[in-house]
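Take a look at the structure set out below.
We number each residue from 1, following the sequence as shown. These numbers come from the heavy atoms of this one structure, side chains and all, not from hydrogens, waters or symmetry mates. Both ligands and their constituent atoms are indexed starting at 1 by order of listing.
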Amino acid sequence: MKCINCNTIYEYNPFLLLCPKCRNLLEIKIENPSVSWSTWRRRHTGVWRYREALPVPSSVKPITLGEGGTPLVPVEDTRVYIKFEGSNPTGSFKDRGMTIGITIAKNLGTQVVIAASTGNTASSMAAYAARAGLRAVVVLPEKNISEGKLLQTVLHGAYIVRIRGSFDKAMYYTLEVVERLGKLVYPLNSFNPIRLEGQKTVAYEIVDQLGYVPDYVIVPVGNAGNIAAIWKGFKELYEWGLADKLPKMVGVQAEGASPLATAWSRGLEEPVWFEEPETIASAIRIGKPVNWRRAFIAVRESRGLFTTVGDSEILESQKIIARRVGLGVEPSSAAAFAGFLKLVDNRTIDRSSRVVVIATGHALKDPGSMKLHSASTIEVYSLDELARLLVGIAGG
Ligand code: F0G
């Protein structure tokens, strides 16, 4: 394990969450794994296809729900693809990290797992903990958990703790309580680098599916773990000789919750905290992302950028993806696509570029956002009326 700030190296220890020297976050280094596309391609698709690149000894049995192996859907006849992470077992990319996190937690003999969440981590952890026979405790902000995510978490039987305050406070409580209670509870937020090891597999999968490395990978950014995880995945492929280039990483934040993008646009080295983040994309309604340093490193190293989009652009993008591409995505995923449209529009990204947009979660997660779109609901009172209506629709 290596500190992302002072670069000190530590022996692998799943309980080590912060660098003992400088209290920054750690990352896991996979040393010289024996990996090849031909071995990987002989296995089922999914996170565990890439087993040699994961920090799980081969003797350990995975706790899995078949996560990963998600569709890569082309956008009309362009070189742009949407990686639809909404088709994971609980409907978001979180399952990729959770299968690893819960496998490790179970193997450590932990009984209780904990995570602060805007909803997707909570529902994913609840499902995987159920599968493993562990107790899950989710720490949720007072407001703005979408209905789909909350009800999934209820369904899977997690303990639901609601605090008075925002996600950032829930995250702070979680970090502190884990430090206080030591090995009694195991944390599965993305400050735990084990989660990110699962999430990095989306990078492997993109290259696996496309057969090449795209020019840009566009990711919605909240707590900022995923963009760093994906960048780590691409870098590993490059270091191990499994890819011949690296993509540029683009992080998209909602205007009202843009601590990283705001700092980026002002040329600052550190984020501008948002005390009261506000956006319709509740998954990324985060003002103090715990992984900010990793995300800055990812964007800087890859020569990418951060950008913002407004709530109206997010809703418009959700509609375009739903009605032109055929995928239902939640608002934070739509934010990434909105960012892409904006960057093509202002010519930051060339129209001929090869682009993958990560659609992190399914539209069903957030019924409230779907209610905001215009419906063509037509009441009919007779069979004749229905027939006339259909003739009209068929006539265009
Ligand atoms: N998209 C969705 C659908 C998410 O749920 C999240 C984060 C993100 C994007 C941002 O990813 O935090 O790694 O930058 N959701 C977390 C949660 C915070 O609790 O479910 P990130």
Heavy-atom proximity to atom 18 (C) of ligand 1, best of Ile284, Thr118, Ile227 = Thr118

task = Over 60° means perpendicular and under 30° means parallel, so classify the ring planes of Phe340 and Phe337, tilted if in between.
result =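 The rings of Phe337 and Phe340 sit tilted, inter-plane angle from 30° to 60°.
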
Closest approach of any protein heavy atom to [atom], naming residue and atom:
atom                    : result
atom 21 (P) of ligand 1 : Ala224 N, 3.4 Å
atom 16 (C) of ligand 1 : Lys94 NZ, 2.9 Å
atom 6 (C) of ligand 1  : Phe93 CE2, 3.8 Å
atom 13 (O) of ligand 1 : Asn226 N, 2.8 Å
atom 5 (O) of ligand 1  : Asn120 ND2, 2.8 Å
atom 4 (C) of ligand 1  : Ala283 CB, 3.5 Å
atom 1 (N) of ligand 1  : Thr360 OG1, 2.7 Å

Which of the atoms of ligand 1 are close to [X], meaning less than 4.0 Å from one of its heavy atoms?
X      : value
Ser117 : 17 (C), 19 (O), 20 (O)
Thr121 : 16 (C), 17 (C), 19 (O), 20 (O)
Ser332 : 1 (N), 2 (C), 3 (C)
Gly225 : 13 (O), 14 (O), 21 (P)
Val221 : 14 (O)

message = Between ligand 1 and Asn223, is the shortest N or O to N or O distance under 3.5 Å?
response =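 Yes; at least one N/O pair falls below 3.5 Å.
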
request  = Using a cut-off of 6.0 Å, state whether more than 12 heavy atoms not belonging to Arg164 lie near its atom CZ.
outcome  = no

ask   = When you look at CZ of Arg323, are more than 12 heavy atoms from neighbouring residues, nucleotides or ligands closer to it than 6.0 Å?
value = yes

Quick test of your reading of the model: are [X] and [Y] salt-bridged, counting only N-O distances below 4.0 Å?
X      : Y      : value
Arg43  : Glu52  : yes
Lys232 : Glu197 : yes
Lys200 : Glu27  : no

ask   = Do you know which two heavy atoms are closest between Ser369 and Pro331, and how far apart they sit?
value = CB-CG, 3.4 Å

request  = Mind checking the CZ-CD1 spacing from Phe84 to Ile358? Nearest 0.5 Å is all I need.
outcome  = 12.5 Å

ask   = Do we get Arg300 above Phe296's six-membered ring, with its NZ or CZ under 6.0 Å from the centre and within 45° of the axis?
value =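 That pair qualifies as a cation-pi contact.
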
request  = Compute the minimum heavy-atom distance from Ile286 to ligand 1 and say whether it is under 4.0 Å.
outcome  =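 Yes; Ile286 lies near enough to ligand 1 that a heavy-atom distance drops under 4.0 Å.
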
query = Does a donor on one side chain and an acceptor on the other come within less than 3.5 Å for Tyr50 and Glu205?
reply =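 Short answer, no.
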
inquiry  = Tell me the contacting part of Lys149 for ligand 1: side chain, backbone, both, or neither, using a 4.0 Å heavy-atom threshold, strictly below.
reply    = neither

